[in-house]
Asks: 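To start, I am sharing the structure in question, which I have written as C-alpha cells.
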Amino acid sequence: MHRWAALADFLREGFAAAGERLPYGEDAASFLIAVGDRFTRLGRQEAIRAYELAAALEPSASTQVRLAEAYGRAGAWSAALDLYDTLLDDLPADGAGDDAALRGFVAAAVARGAWPRLFGRLRGLASRVPTPADDALVRDATEHFFAERGRAARSLYGDGRREEGDALLAQAVRDVAELSAACLPAGARAPSPEPFVAVLADGLPERARRRLGRSVELLGRIGYAVRVFDLATVRAFEDALPAATAAILVRMPAWPTVVQALVRARRLGVPTLYETDEMTFDPRHAPPPRAAFEGRIGERAYEDLVFGVALYRGAAALCDHGLAPTRALAGHLDRIVATGRSFVVRDAAEPGERSGAAGDAIRLFLSTPQSRIVGPADPVGAALLHVLEREKRVRLTTAGFVLLDDAFAPFADRITRRGPVPDGEEAVRDSDLNLVPVDGSEAESCLGPTGWLSAARFGIPTLAGDTPALRETLRDGVEIRLAAGAAAWIAALGDLVAAPDRRAALGAAAAQRLRTAHAPEAAAADYRTMIDALRSRRPR
C-alpha cells in the first residue's frame, strides 16, 4: 500500500484493531502524540489510548497534559484529576511551567466537585509569586464552588430544611473568604489626599435608595466624598479600597466577588460597615411567613427571599461594624458583625410646606411599604371602620400596598386608593392625620421612623403602632401618638379625630423634633462620630 493510504487505513481501522501490538520505531512517542491529536480533532475516543501509549514510552509533562485533557473530554474526570494532581506534584517548587496543568486541574476538580482537593491545591499558589492568571483561576474556582453550594442549599430549602441550608451557605461564604485570603493579593494602603468612602450597593428598594442619597450628601458635609459602586463594578470597588477611608456595604449579599472585596479590605486594614434599614439578615425574623404574602408570590420567589437572608447575614458577618438608623436594629447587627459594635445614623429630613385645608373634612392617610390586608380583625382596620361609621367628615386615602377588605365597601365614596406612589411624602402632605400600622413582629419593631418623618416634614401628626424603635427618639403623646392593640387604636384614633387642637399640637411638636433630632446637621454629626471612631481604632 502507498504509505499515505496505509496511514489513512491505520487511522481509520488499524489503530483500534492492532495499535497496542505494533512494534513502533524510534520516534514512537511523537508519532503516537500526532495520532492522538488527529483523533482529538475528529472527536474520537481512541485519542486516550494513543496518548496513554505515548506517555508510557515518553512520560513528558506535555504528553500527560494531552492525556489528562483527553480524559476530561471523555468525561473521565477522576482519571483527569489524578493525572493533573501527579503532574503538579512533580513540578519544581516555584511552580514554573504549571499553568496548563493547573488550569486543567481546576476544570477537573470543578467537574468532580472535589472542593477540598481544589482549595488545598489553590492555597499552594500562595507559596509562589502570584500572577494575574492565578488570580483569575482562584476567582473562577470560587464562582463554580459557590454556584454548586447554592444549588445544594436551594435543594435543602425546597425540602423544608432551612437551618441546614443556611448552615451550608454560611460555611460556603467562610470557605470563599479563607481561600481568597490565602491566594489573592491584598496590595498596600495608599490613602487618598481627598478622603472618600467607598460604597457598594445594588438593587435597593425605594426607602434604602433615598437613605443612600441622603448619606452621600451628609458625608459630603463633613468633608468625605462618596464613590458608589454596584455589582457590575464590584472589582472597581475592590480596587478603590487601598485609598478609601472606609467601605460601606448597603444591603449586599455575600456573592464571591463581594466576599473577596471584604477580605481585601480586612487585609488592608480598611474598616468595613454593613448598612441596612431593615432586618434582612436574621432568619428568625426574615422573610415574613409565606402566608403573609397572601398567595402573591410563588414558591421559587419565596425561596429567593430565604436564600437572600442567608447571604445578607454572610456579608454582615465579614464586616467590622454595622450601620443602622435605629439602636433596636443596630442591636441585632451587633451580634453578627466582627467587632460586635454597630453605629446608628438616624434618618434625616427637612421641613416642607403643607397643603391647604379641605373644608371641614378630616383627612386620614394610611400607607404601607409591604402588602397588608386591613380589615375588622386588624387593629388599624377596626379603628378606621369605627371612625368612618361614627364621623361622616372622615376621609381616607391609602397608598403603598394597603389592601382594604370588603368591610370598607359601605364607605367607598369616602376612600381614595392611590396604590404605590413614587413619592410617599407628596402623598401624605395634604392629610390631617398620618397612620402608621405595625404587625407586631420583631423585624418591624426595629424600623426607623420613616412614616413619621414623612408626615413630620409638613407638621402633620402621626398615630402609629407602638415599637421600641419609635420610642427611641419620640415621646408618646408629645411628638407622636402610639397605640398597641385594637382597643388602644380605636380610642386613640377617635380622640384625635374629635380634637383638632390635639392634632395641631402633635403635628407642631413633630415638626420641632424633626428640626432638631432628625435635621441633616444631626445626622451629619452621627456620621462624623462614626468616622472619628473608625479612624482612631487600632489596625487589625
Side-chain angles (χ1 to χ4, degrees), residues 122 130 132-150 153 169-170 172-192 196-205 208-209 211-213 215-216 219 224-277 280-281 304 307-323 336-338:
L122 289 175
D134 295 336
D135 185 286
L137 275 176
V138 171
R139 292 178 187 273
D140 186 57
T142 56
E143 290 288 346
H144 285 290
F145 165 72
F146 204 80
E148 188 277 332
R149 296 286 81 189
L169 283 177
V173 171
R174 289 192 292 269
D175 289 343
V176 171
E178 290 170 5
L179 181 67
S180 301
C183 299
L184 300 180
R189 287 283 274 138
S192 171
F196 73 92
V197 175
V199 173
L200 185 61
D202 195 281
L204 298 178
R209 190 162 56 248
R211 179 174 166 85
L212 174 58
S215 297
V216 171
L219 283 165
Y224 288 87
V226 177
R227 301 182 190 175
V228 181
F229 304 85
D230 57 21
L231 282 175
T233 56
V234 66
R235 288 298 300 275
F237 168 78
E238 183 179 334
D239 291 340
L241 291 173
T245 302
I248 301 175
L249 271 67
V250 183
R251 293 173 64 129
M252 290 299 298
W255 299 122
T257 51
V258 175
V259 172
Q260 287 150 3
L262 287 171
V263 167
R264 188 173 186 188
R266 178 164 294 180
R267 295 175 67 194
L268 288 167
V270 178
T272 53
L273 302 102
Y274 192 85
E275 179 175 6
T276 183
D277 59 349
T280 57
F281 51 84
D304 288 342
F307 190 84
V309 170
L311 295 191
Y312 293 140
R313 188 178 185 87
L318 290 173
C319 288
D320 300 315
H321 303 278
L323 177 58
I336 301 174
V337 295

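Keep in mind that this is a model prediction, so the values were computed, not measured.
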Asks: Of all the heavy-atom pairs spanning Cys319 and Thr272, show the shortest one and how long it is.
Replies: CA-OG1, 3.4 Å

Asks: Among residues at least two apart in sequence or on other chains, which ones pass side-chain hydrogen bond (donor to acceptor under 3.5 Å, both in side chains) with Arg189?
Replies: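 Not a single residue meets the side-chain hydrogen bond (donor to acceptor under 3.5 Å, both in side chains) criterion with Arg189.
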
Asks: Atom CD of Glu275 and atom CG of Leu212: how far apart are they, to the nearest 0.5 Å?
Replies: 7.5 Å

Asks: Strictly by ring-ring contact (aromatic ring centres under 6.0 Å, His included), give each pair with a member in residues 227-247 just once, sequence neighbours left out.
Replies: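 Those involving residues 227-247 are Phe229-Phe237.
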
Asks: Under the side chain to side chain contact (heavy atoms under 4.5 Å, CB included) test, which residues partner Asp304, sequence neighbours left out?
Replies: Arg154, Arg300

Asks: Using the test side-chain hydrogen bond (donor to acceptor under 3.5 Å, both in side chains), find all partners of Ser192 that sit at least two apart in sequence or belong to another chain.
Replies: none

Asks: Please list all pairs passing the salt bridge (Lys or Arg N to Asp or Glu O under 4.0 Å) test where one or both residues lie in residues 177-187, with sequence neighbours left out.
Replies: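 Sorted pair list comes back empty.
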
Asks: Do you know which two heavy atoms are closest between Ala315 and Leu262, and how far apart they sit?
Replies: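 Heavy atoms of Ala315 and Leu262 come nearest at O-CD1, 3.8 Å.
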
Asks: Restricting to side-chain hydrogen bond (donor to acceptor under 3.5 Å, both in side chains), what partner residues turn up for Arg264, sequence neighbours left out?
Replies: Asp239

Asks: Among residues at least two apart in sequence or on other chains, which ones pass salt bridge (charged side-chain N to carboxylate O under 4.0 Å, His left out) with Arg149?
Replies: none

Asks: According to side chain to side chain contact (heavy atoms under 4.5 Å, CB included), who are the partners of Ser180, at least two apart in sequence or on a separate chain?
Replies: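 With sequence neighbours excluded, Ser180 shows a side chain to side chain contact (heavy atoms under 4.5 Å, CB included) to Val176, Leu184, Gln260, Val263, given in chain and number order.
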
Asks: Sequence neighbours left out, what passes side-chain hydrogen bond (donor to acceptor under 3.5 Å, both in side chains) with Arg235? Give chain and number order.
Replies: none

Asks: Please find the pair of heavy atoms, one from Leu122 and one from Ala141, that lie closest to each other, and give the distance.
Replies: CD1-CB, 3.7 Å

Asks: What is the minimum heavy-atom distance between Phe196 and Ala240, and which atoms define it?
Replies: CZ-O, 3.5 Å

Asks: Not counting sequence neighbours, which residues clear salt bridge (charged side-chain N to carboxylate O under 4.0 Å, His left out) with Arg227? List them please.
Replies: none

Asks: Run the salt bridge (charged side-chain N to carboxylate O under 4.0 Å, His left out) test against Arg174 and tell me which residues pass, sequence neighbours left out.
Replies: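 Scan of Arg174 (salt bridge (charged side-chain N to carboxylate O under 4.0 Å, His left out), adjacent residues dropped) gives none.
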
Asks: Using modelled atom types and a 3.5 Å cut-off, is there a donor and acceptor pairing between side-chain atoms of Asp320 and backbone atoms of Ala338?
Replies: no

Asks: Return a table of donor-acceptor pairs under 3.5 angstrom between the side chains of residues 242-259 and protein atoms on other chains or two or more places apart.
Replies:
unit_1 : atom_1 : unit_2 : atom_2 : d
Arg251 : NH1    : Asp277 : OD1    : 2.7
Arg251 : NH1    : Glu278 : OE2    : 3.0

Asks: Please report the interatomic distance CG(Leu169) to CG(Asp175), rounded to the nearest 0.5 Å.
Replies: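 CG of Asp175 is found 11.5 Å from CG of Leu169.
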
Asks: Quick one: does Leu311's side chain get under 4.5 Å of Phe146's, heavy atoms only?
Replies: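 Touching, per the 4.5 Å side-chain cut-off.
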
Asks: Please find the pair of heavy atoms, one from Asp135 and one from Pro185, that lie closest to each other, and give the distance.
Replies: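 So the minimum-distance heavy-atom pair works out to OD2-CD, 3.8 Å.
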
